[in-house]
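Scroll down for the structure; my scribbles are underneath it.
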Amino acid sequence: MSDLNKRPPRLKLEPAQQTQLINIQRRSLLRAGLTLGAVSMLTGCNLEGDEDVVDKTLWAMSRWNDRVQAWLFSGQKLAPTYDKSKLTNPFPFNAFYAEYNVPDLDISSYSLAVSGRVRDKQPWTLDNLRKLPQRTDITRLICVEGWSAIGQWGGVPLRTFLEHIGADTTAKYVGFKCADKYYSSLDMPTALHPQTLLALDFGEVALPPDYGYPLRVRVPTKLGFKNPKHIVELFVTNDYPGGYWEDQGYNWFSGS
Ligand SMILES: Nc1nc2c(c(=O)[nH]1)N[C@H]1C(S)=C(S)[C@@H](COP(=O)(O)O)O[C@H]1N2
Ligand SMILES: [Mo]
């Protein structure tokens, strides 16, 4: 039981999460393993020798995959939650750079910028975010690199925040820009999911630098890379915003 916390994080997933991961792996295999012949048969185009067309076709197929998944999943199913005895300690740090390069943000002048399809575009201070209703969940973060860990995150449900700023919740995407040039985006149903948080706290304390201070997105129904840390801007849009890893071939939907 608790040895799950002591071992270096090995994947130990709930059945629903297993299916989720297997599906994601199967999809990447499919994407990587499809021969040009198979793609030609599927699309009715002769693709041999035209790398640009092959690339465009594979990307189109991946985007099609995202649309089918978004349609298949309601976006409102709850992720498993755990009790405090299951918390992973120490919690892994992960970013596209080493730990000593974690951005050095001046918290005293920090505010979250808001743009796009929203009524109120004033920036938000941390104090004002803390005045909104808060929620805390203990959930599992799953990284595509093959580890997972259980942590406690607290903050404002993204849904509450979107309602407060008069966001157009019929828009397709909510995008995030980070202090370290990382970026990501969520489909609107996931943004409105009750467990999706604008997280201010990790465990019992304000988010430490490694884990995304002063503000990160915590979305337990998605893979780790869709949980941007150090966010400085939130925007609502109908134009596909992509993401740092998503634009390098990781499946955009990446979750349930
Ligand atoms: N700003 C920013 N957010 C990020 C990343 C990053 O490199 N920069 N990495 C992502 C990845 S791949 C994972 S698995 C999680 C790791 O979160 P943790 O460091 O709290 O474990 O953060 C995600 N959010
Ligand atoms: Mo990750």
Side-chain angles (χ1 to χ4, degrees), residues 4-5 7-13 17 20-21 23-25 27-28 79 82 86-107 110-113 126 136-155 158 173-186 190-191 195-235 241-256:
L4 181 65
N5 296 335
R7 260 190 276 133
R10 279 283 300 158
L11 228 44
K12 244 280 174 87
L13 306 178
Q17 292 177 314
Q20 173 183 321
L21 205 68
N23 282 337
I24 289 162
Q25 282 166 349
R27 281 196 305 277
S28 15
Y82 304 85
K86 298 276 169 44
L87 288 170
T88 304
N89 200 357
F91 196 88
F93 159 84
N94 199 32
F96 66 91
Y97 45 77
E99 207 161 343
Y100 54 78
N101 283 327
V102 162
D104 197 10
L105 276 176
D106 178 6
I107 305 209
Y110 173 87
S111 64
L112 175 72
L126 297 173
T136 299
D137 283 311
I138 298 179
T139 52
R140 188 188 291 273
L141 184 141
I142 304 169
C143 175
V144 276
E145 287 168 19
W147 56 267
S148 80
I150 295 174
Q152 174 180 308
W153 289 270
L158 183 54
Y173 310 103
V174 180
F176 306 94
K177 294 179 192 168
C178 307
D180 57 3
K181 307 300 171 218
Y182 195 82
Y183 59 105
S184 191
S185 54
L186 298 172
T190 300
Q195 290 170 317
T196 300
L197 301 178
L198 279 181
L200 292 150
D201 295 323
F202 182 64
E204 303 301 328
V205 296
L207 274 177
D210 279 6
Y211 304 120
Y213 87 122
L215 191 66
R216 89 175 297 176
V217 175
R218 174 57 192 142
V219 40
T221 55
K222 298 285 175 194
L223 289 174
F225 69 82
K226 298 199 74 78
N227 289 244
K229 307 192 273 189
H230 323 285
I231 61 171
V232 293
E233 183 170 348
L234 173 156
F235 58 99
Y244 183 89
W245 291 115
E246 291 90 329
D247 292 350
Q248 296 177 52
Y250 284 94
N251 185 258
W252 176 76
F253 197 71
S254 281
S256 59

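Order of appearance sets the numbers: ligands from 1, and atoms from 1 within every ligand.
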Would Lys229 count as a polar contact of ligand 1, with the cut-off being nitrogen or oxygen pairs under 3.5 Å?
yes
Do Val174 and Val217 come close enough that some side-chain heavy atom pair is under 4.5 Å?
no
Within ligand 1, which atoms have a heavy atom of Pro228 less than 4.0 Å away?
3 (N), 24 (N)
Ala95 neighbourhood, listing ligand 1 atoms whose heavy-atom distance to it stays under 4.0 Å:
6 (C), 7 (O), 9 (N)
Would you check the N or O atoms of Pro92, main chain and side chain alike, for any that come under 3.5 Å of an N or O of ligand 1?
yes
Please list the nearest protein heavy atom to atom 9 (N) of ligand 1 with its residue and the distance rounded to 0.1 Å.
Asn94 O, 3.7 Å
Leu223 vs Trp245, test: side chain to side chain contact (heavy atoms under 4.5 Å, CB included). Steps then yes/no.
CA-CA 11 Å; Leu223 289 174; Trp245 291 115; over 6 Å; no
In terms of residue, atom name and distance, what is the protein heavy atom nearest to atom 8 (N) of ligand 1?
Asp180 OD2, 2.9 Å
Numbering as shown, the atoms of ligand 1 that approach Trp147 to under 4.0 Å (heavy-atom distance):
14 (S), 21 (O)
Test of understanding: given a 4.0 Å heavy-atom threshold, classify the contact between Tyr182 and ligand 1 as side chain, backbone, both, or neither.
side chain
Apply side chain to side chain contact (heavy atoms under 4.5 Å, CB included) to Trp153 and Arg216, showing your working.
CA-CA 10 Å; Trp153 289 270; Arg216 89 175 297 176; 3.8 Å; yes
Between the CD1 atom in Ile138 and the CD1 atom in Ile150, the distance rounded to the nearest 0.5 Å is 9.0 Å
Quiz item: cation-pi between Lys177 and Phe235, 6.0 Å / 45°:
yes
Any idea which part of Cys178 is under 4.0 Å from ligand 1, heavy-atom wise: side chain, backbone, both or neither?
side chain
For ligand 1, which atoms sit closer than 4.0 Å to a heavy atom of Gly224?
10 (C), 11 (C), 13 (C), 14 (S), 15 (C), 22 (O), 23 (C)
When you compare ligand 1 with Trp245, is there at least one nitrogen or oxygen pair between them that comes in under 3.5 angstrom?
no
For the pair Phe225 and Tyr244, evaluate side chain to side chain contact (heavy atoms under 4.5 Å, CB included) and give the outcome as yes or no after the intermediate values.
CA-CA 8 Å; Phe225 69 82; Tyr244 183 89; over 6 Å; no
Residues Ser184, Glu246; criterion side-chain hydrogen bond (donor to acceptor under 3.5 Å, both in side chains); working and verdict:
CA-CA 8 Å; Ser184 191; Glu246 291 90 329; 2.9 Å; yes
May I ask you to establish whether Lys222 and Phe253 are in a cation-pi arrangement, using a distance under 6.0 Å from NZ or CZ to the six-membered ring centre and at most 45° from the ring axis?
yes
Which atoms from ligand 1 have a heavy atom of Phe93 less than 4.0 Å away?
19 (O)
Tell me whether the rings of Phe202 and Tyr211 are parallel (<30°), tilted (30 to 60°) or perpendicular (>60°).
tilted
Can you name the atoms of ligand 1, numbered from 1 with element, that are less than 4.0 Å from a heavy atom of Asn227?
22 (O), 23 (C), 24 (N)
Heavy-atom closest contact (Leu234 atom, Phe176 atom, distance)
CD1-CE2, 3.8 Å
List ligand 1 atoms under 4.0 Å from Cys143, heavy atoms only on the residue side.
14 (S)
Ignoring angles and geometry beyond distance, decide whether Phe96 reaches within less than 3.5 Å of ligand 1 through its nitrogen or oxygen atoms.
yes
Tell me the protein heavy atom at minimum distance from atom 17 (O) of ligand 1, and give that distance in Å.
Arg216 NH2, 3.2 Å
Could you pull out the closest heavy-atom pair between Leu207 and Gly212, with the gap in Å?
CD1-O, 3.6 Å
What part of Tyr244, side chain from CB on, backbone N/CA/C/O, both or neither, has a heavy atom under 4.0 Å from ligand 1?
neither
